[in-house]
Amino acid sequence: MLCTQPCIRYRSCPNSKQLTANRGVIKVYNEDNTSRAVEVPSDITARDICQLFVLKNHCIDDHSWTLFEHISHLGIERTIEDHESVMEVLSGWGMDTDCRLYFRKNYAKYEFFRKPLDFFPDHMVSISSETNGMVDHSQLIQTFLNSSTCPEIHGHLHAKEQSRKSWKKFYFVLRRSGLYFSNKGTSKEPRHLQFIADFSDSDVYTVLSAKKQHGAPTDYGFCVKSTKGSSGRDLKLLCADDEQTRTCWITAMRLLKYGMELYQNFIQPHQKQKASPMRSISENSLVAMDFSGQKSRVIENPSEAMSVAVEEGLSWRRKSCHRLSGHGSPSTSHSSLLNMALHLGQPWFHGKLWREEAQRIITQQGLIDGMFLLRDSQSNPKTFVLSLCHMQKIKHFQIIPVDDDGELFYSLDDDQTRFTDLIQLVEFYQLNRGVLPCKLKYHCARIAL
């Protein structure tokens, strides 16, 4: 069975000798409350913590592991940037607050450097009024990183009124000088813009249950919080109408606050990778090959590649069943049982999950195209569900078992394409889109300490 996500928890302890001038001890928790104590230097960064647990847990370091600051009593969390000092983050927590550092994957952490247009819709972006120009989207990220220029982010957001339970919709403008709202429609005249916050001493957080905890009109909440404040009064609560809008605002605020530091965080692992003799594997380097003849060849026809893959899979499983049974020929039932169990040890299989939990896990690990997991269907026993993210929306596809004369197959396209097991299904859709809106690219992972 797959274990729950680990988290790191820090509690102030004035009588303890755990913390010294140069080192400190933090505990790493699973959601089931098992833990591991780790001694760390006082200048350790978020990237250092991630690398430490990648090594301890023998994980593949694909640069997506991330540290999150989670403040339970406020119901908010944020990505701790790779270069940030972890001890500085911990020092801002109150003595009696329930705060944690979660260690999990976030594939969307730097995706805006690769696909900026997916994060910044045309209608929300323009060059700031000081330059009187329109944004050149090919240079969008560069204008964020350049201290002399800055794209202006603008649009309507819901805002929680101070000392009230009500929310009101305003037109907001984000510039390098800070976040503003207009008190007169969509006017950007200086006399109509009221200052909300800058980011020199503030951070932007995602609000986890905006409707339930704060009475927001939607669940796409986020907030700006002072680095020194720890109460709900210190939050400037905002709410977007959809996920893309919220992502745009949060990403822009991160870029304005950290600028080139974010870009250095993004390129640093790739620079190390170039210096390493290990060859990286991308989806573009994977091709189907035929080694049956005297010379190997690339199979360019997708139908032929699929046919060969199915035949190889069946051949391999026949041999496996033969070895396991210890008899001359495997039984059909033995083969089917083997195929049914093969997926249980796969990192992308999450067992019994409800739809809402699957959506929460995918959202946590990054709403980017190709993020997926497989799970048991809770509403239809004996079937499975593929949960897949595309265009920042999560869709669910039912995988149905097909019995053909005692042989069990799996299909998610009404029996048009059959697979002998779920591993073969996943491998096919990692290389072929088929009936899906995009290929399977990133699987949601859970690790045990």
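Quick note: numbers below take in every heavy atom, side chains included, and nothing from hydrogens, waters or symmetry partners. This structure is a prediction, so every number in the text was calculated from the model and none was measured.
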Do we see a donor-acceptor contact under 3.5 Å between the side chains of [X] and [Y]?
| X | Y | value |
| --- | --- | --- |
| Thr245 | Asp242 | yes |
| His83 | Thr45 | no |
| Asp61 | Gln51 | yes |
| Gln359 | Arg355 | no |
| Glu69 | Tyr205 | yes |

Q: Specify whether Phe372 and Trp348 have parallel, tilted or perpendicular ring planes, treating 30° as the upper limit for parallel and 60° as the lower limit for perpendicular.
A: tilted
Quick one: pull up [atom1] in [X] and [atom2] in [Y] and give me the separation to the nearest 0.5 Å.
| X | Y | atom1 | atom2 | result |
| --- | --- | --- | --- | --- |
| Asp376 | Lys352 | CG | NZ | 7.0 Å |
| Phe103 | Cys50 | CZ | SG | 5.5 Å |
| Asp62 | Tyr107 | CG | OH | 5.0 Å |
| Lys441 | Asp369 | NZ | CG | 8.5 Å |
| Leu440 | Met371 | CG | CE | 11.5 Å |
| Phe397 | Ser387 | CZ | OG | 9.5 Å |

So, the side chain of [X] versus the backbone of [Y]: is there a donor-acceptor pair under 3.5 Å, distance only?
| X | Y | result |
| --- | --- | --- |
| Lys439 | Gln430 | no |
| Asp421 | Gln424 | yes |
| His350 | Cys444 | yes |
| Asn432 | Gly434 | no |
| Arg433 | Leu436 | yes |
| Ser209 | Lys212 | no |
| Asp203 | Lys225 | no |
| Glu152 | Ser126 | no |
| Glu243 | Lys393 | no |
| Thr206 | Leu208 | no |

Any salt bridge between [X] and [Y], counting N to O under 4.0 Å?
| X | Y | value |
| --- | --- | --- |
| Arg246 | Asp241 | no |
| Lys109 | Asp82 | yes |
| Glu161 | Lys168 | no |
| Arg78 | Glu84 | yes |
| Arg100 | Glu77 | no |
| Arg418 | Asp404 | yes |
| Arg47 | Glu81 | no |
| Glu356 | Arg375 | no |

Over all heavy atoms of both residues, which pair between [X] and [Y] is shortest? Give the atoms and the distance, please.
| X | Y | result |
| --- | --- | --- |
| Thr247 | Thr251 | O-OG1, 2.7 Å |
| Trp167 | His214 | NE1-O, 3.0 Å |
| Tyr410 | Ile399 | CB-CG2, 4.0 Å |
| Ile196 | Lys236 | O-CE, 3.0 Å |
| Thr143 | Arg176 | O-NH2, 3.8 Å |
| Thr218 | Ala240 | OG1-O, 2.6 Å |

Q.
Between Tyr171 and Phe181, is the ring pair (Phe, Tyr, Trp, His ring centres under 6.0 Å) condition met? List the steps.
A. CA-CA 6 Å; Tyr171 188 76; Phe181 77 92; over 10 Å; no
Q.
Tell me which one of Tyr258, Tyr263, Phe113, Phe120 satisfies ring-ring contact (aromatic ring centres under 6.0 Å, His included) with Phe144.
A. Phe120
Q) Should we count CG of Leu55 as having more than 12 external heavy atoms under 6.0 Å? A) yes
**Q.** More than 12 heavy atoms from other groups under 6.0 Å of CD on Gln378
**A.** yes
Q. Is the shortest heavy-atom distance from the side chain of Cys248 to the side chain of Pro121 under 4.5 Å?
A. yes
Q: Could you check if a side-chain atom of Leu179 sits within less than 4.5 angstrom of a side-chain atom of Leu238, using non-hydrogen atoms only?
A: yes
